[in-house]
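The structure appears below as structure tokens.
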Amino acid sequence: MAASHRKDQPKSASLFHLVSVFILLIDLSVLQAADPDPVLDYAAGVTSFVLRDIFTNGQITMDTGGIRAGLTPEVFPAIMNEGITFVRFRMVPCGCNLPHTHPRASEILTLLSGGPLQVGFVDTNGTSHINILYSGDVTLFPRGMLHFELNIGSQDAEYISALNSENPGT
């Protein structure tokens with residue numbers, strides 16, 4: 001019986017090494033999930049670094065919360081390979097940007113006018129961080145945290161969000 005136990009030992013050791021290598025490869029793939037560093041100052045062929053009137057020329061979506069105007073490399077080629085996303089919101093009173101995450105980016109939000117805006121996120125310990133923003137206030141939503149925005153005021157809330165990834169995910 002002792003002899004068969006010794007024969008099994010190399011198999012279990014090999015299985016352990018195989019599982020360890022597999023876990024290491026998964027860890028490395030997560031580490032490489034960020035945007036790559038640019039190798040050029042800006043994308044080839046870009047001649048304009050200005051986009052006029054984001055609510056006319058941006059990528060526009062509308063829902064019950066209001067209007068969202070975002071920048072994509074298709075509508076504003078200057079941001080291609082820069083590792084950023086920019087969105088401007090015009091949220092109606094009682095409008096809400098429903099809870100969501102950005103698994104590949106942190107987000108910084110600035111309330112330009114209107115509101116006030118209730119914002120919040122839940123951290124990995126399950127702690128809620130809820131605040132009220134007034135014109136000129138800034139908040140941060142850390143990468144991957146479930147977060148929301150809610151216009152608790154009686155006028156439209158105008159705010160901008162910038163994210164540190166060209167593809168932040170939602």
Strictly by ring pair (Phe, Tyr, Trp, His ring centres under 6.0 Å), give each pair with a member in residues 53-75 just once, sequence neighbours left out. none

Please go through L163's hydrophobic cluster and name the other residues, only I, L, V, M, F, W, Y counting, with side-chain heavy atoms under 4.5 Å joining them. none

Is there a donor-acceptor pair under 3.5 Å between the side chain of N57 and the backbone N or O of I54? no

Honestly curious: do I79 and I60 fall in one hydrophobic cluster under the side-chain, below-4.5 Å linking rule? yes

Applying the 4.5 Å side-chain criterion to the ILVMFWY set and letting contacts propagate, would M62 and I160 be lumped into a single cluster? yes

Which residues pass the side chain to side chain contact (heavy atoms under 4.5 Å, CB included) test with P93, not counting sequence neighbours? N151, D156

Quick check for you: to the nearest 0.5 Å, what is the distance between F141 atom CZ and S106 atom OG? 11.0 Å

Taking only residues two or more places apart in sequence, or in another chain, which ones meet N97 in a side chain to side chain donor-acceptor pair (under 3.5 Å)? E149

So OG1 of T101 and CE of M145: to nearest 0.5 Å the spacing works out to 9.0 Å

Going by atom type alone, with no hydrogens or angles, which donor-acceptor pairs under 3.5 Å involve a side-chain atom of residues 83-90 and a protein atom two or more places apart or on another chain?
| unit_1 | atom_1 | unit_2 | atom_2 | d |
| --- | --- | --- | --- | --- |
| T85 | OG1 | S165 | O | 2.5 |
| R88 | NE | E158 | OE1 | 3.3 |
| R88 | NH2 | E158 | OE1 | 3.0 |
| R90 | NE | E158 | OE2 | 2.5 |

Taking side chain to side chain donor-acceptor pair (under 3.5 Å) as the definition, give me every residue that meets it alongside S48, ordered by chain and number, with sequence neighbours left out. none

Is there a path of hydrophobic side-chain contacts, each under 4.5 Å between heavy atoms, that joins F148 and Y134? yes

With sequence neighbours excluded, residues passing side chain to side chain donor-acceptor pair (under 3.5 Å) with D123: H129

Tell me every residue that passes side chain to side chain donor-acceptor pair (under 3.5 Å) with S161, counting only those two or more places apart in sequence or in another chain. E107

Of all residues at least two apart in sequence or in a different chain, which pass the side chain to side chain contact (heavy atoms under 4.5 Å, CB included) check with A78? V46, F49, F76

In this structure, CG of L146 is separated from OG of S128 (nearest 0.5 Å) by 9.5 Å

Going by heavy atoms in the side chains, are H102 and H100 under 4.5 Å from each other? yes

When rounded to the nearest 0.5 angstrom, what distance separates CG in L133 from CG in L150? 11.5 Å

Please tabulate, for the side chains in residues 63-75, all donor-acceptor contacts under 3.5 angstrom to protein atoms that are two or more places apart in sequence or on a different chain.
| unit_1 | atom_1 | unit_2 | atom_2 | d |
| --- | --- | --- | --- | --- |
| D63 | OD1 | G65 | N | 2.7 |
| D63 | OD1 | G66 | N | 3.4 |
| T72 | OG1 | E74 | N | 3.4 |
| T72 | OG1 | E74 | OE1 | 3.2 |
| T72 | OG1 | V75 | N | 3.3 |

Using the salt bridge (Lys or Arg N to Asp or Glu O under 4.0 Å) rule, collect all pairs that involve residues 44-61, keeping only residues at least two apart or in two chains. none

Hey, are the side chains of T139 and I108 touching, using non-hydrogen atoms and a 4.5 Å cut-off? no

Can you give the donor-acceptor pairs under 3.5 Å from side chains of residues 113-122 to other protein atoms, not counting sequence neighbours?
none

